[in-house]
Amino acid sequence: MTRNTEADMEVRQLQALLTMSRELMQANEPLTVLALAGRAMADLAHVDSALLLVRGEVNAAIGFDRKGEPRKASSSHDWYRMATARLEGGAGDSAMADPRTMLVGVPTQHAMAVLAAGWTSDAAPAAWAGRQRLLGTILELSVATLGRISARDSLENLVSTQYEQMAGTAQAHADEIARRDESEGAMRALALTDVLTGLNNRRGFFVQAEHLFRLARRRHTSCAVIYADIDGLKLVNDQLGHAAGDQLIRDAAAVLRESLREIDVLARFGGDEFVAFVLDDAHPGVILSRLRDNLHAFNLMQDRAYRLAVSAGAVRCDPGSGTALFDYVQSADREMYLHKRSCLH
């Protein structure tokens, strides 16, 4: 297998895992989670059979066939005793007696879930290590989502933590592949995206905006930074639930995107905050006015249990100065809070 082929495979696997994480964000039933996990095991790791045990969340052994279809398994399953021993504090070794089987637990110590998997054919050591990483990631994402379903209030911590860990891994893979072949662009795009809104995340913003900022400096082109904050997100989360809060964040992202041009860089910085870098716009106030108009139109036309409101601040960048982009972002953040405080008085 050539390096390009290996890189392409890594890109496809990471893309599939990120797609799975987005689908898990929408899952509300354990059976849906198990079906997504089974599909990932079949499509990515090519597992021929598997057995899943989860402490407390799924009160039964779950078996998977080579198509990834989940079904209830009994204690007579060939791997049940070994998986149970691992779940109850056994050794952390991932390999079982048969060289074509694997036992993975998460966390590695004091496992809360154990996955036993088997193949009908042998694999090279490199492929074996890749299978272990894939199954570990699939198990972590699935267990986090099952935990979220059993305790809805912990949705953001359970799933976003898993996603951030995977995004960091994707970035590490992207850096490695960038040194080897032409797959850097696809890999970096996967690692620089906010899973809830589809916008850039904080890392993605600085990767793209720094490039445009340097271009504006060389050409002495006007540019600006806009910082926005959703008003009342905590109140919506407290009164309507986190699902409504997530929808509020997606609505704000859509209105902000509509208020900017395609060339402008927009990102969710985390929580209820967004930042945008706009190029060749001498009057960022025009964008803020367009944002207000779009917010008004949204609230008139959309049937929501909440009113979408956003506070925003903007600063123009001086291409001839030595001020860093991060400093302009902080200045725009201060302008946003000045606007927010003025609206409260």
Problem - Nearest-0.5 Å distance that lies between atom CH2 in W79 and atom CG in L53 - result: 12.0 Å
Completion exercise
C317 and F277 have their tightest heavy-atom pair at SG-CE1, 4.4 Å
Exercise for the section: With rounding to the nearest 0.5 Å, note down the distance linking CE in M41 to CG in D65. Expected result: 9.5 Å
Practice task
Say whether D251 and Q302, considering side chains only, have a donor N or O and an acceptor N or O under 3.5 Å apart.
Solution key: no
Problem - Under 3.5 Å donor-acceptor, R100 side chain and G118 backbone - result: no
Exercise for the section: Carefully, step by step, assess D246 and R250 under the rule salt bridge (charged side-chain N to carboxylate O under 4.0 Å, His left out). Expected result: CA-CA 6 Å; D246 287 348; R250 287 191 289 267; 5.1 Å; no
Completion exercise
Contacts satisfying salt bridge (charged side-chain N to carboxylate O under 4.0 Å, His left out) that involve residues 44-53 (not counting sequence neighbours) are D48-R66
Exercise for the section: Go through the side-chain N and O atoms of E273 and Y227 and say whether any donor and acceptor fall under 3.5 Å apart. Expected result: yes
Practice task
Check the side chains of Y328 and D318 for a donor-acceptor pair under 3.5 angstrom, ignoring hydrogens and angles.
Solution key: no
Handout entry: Between T84 and R81, a side-chain donor and acceptor under 3.5 Å
Key = no
Exercise for the section: Quick one: list whatever passes salt bridge (charged side-chain N to carboxylate O under 4.0 Å, His left out) with D229, sequence neighbours left out. Expected result: K340
Practice task
Please determine if D264 and R261 form a salt bridge, counting it only when a charged side-chain N lies under 4.0 Å from a carboxylate O.
Solution key: yes
Handout entry: With sequence neighbours excluded, residues passing salt bridge (charged side-chain N to carboxylate O under 4.0 Å, His left out) with R217
Key = none
Handout entry: Results of side-chain hydrogen bond (donor to acceptor under 3.5 Å, both in side chains) for S74 - residues two or more places apart only
Key = S76
Problem - With K67 via salt bridge (charged side-chain N to carboxylate O under 4.0 Å, His left out) - residues at least two apart - result: none
Fill in the blank from the handout: Sequence neighbours excluded, the answer for salt bridge (charged side-chain N to carboxylate O under 4.0 Å, His left out) partners of D333 is none
Handout entry: Over 12 non-hydrogen atoms of neighbours within 6.0 angstrom of CZ in R304
Key = yes
Problem - Ring centers of F274, F269 separated by less than 6.0 Å - result: no
Practice task
Would you indicate whether I263, at its atom CD1, is surrounded by more than 12 heavy atoms from other residues, nucleotides or ligands within a distance under 6.0 Å?
Solution key: no
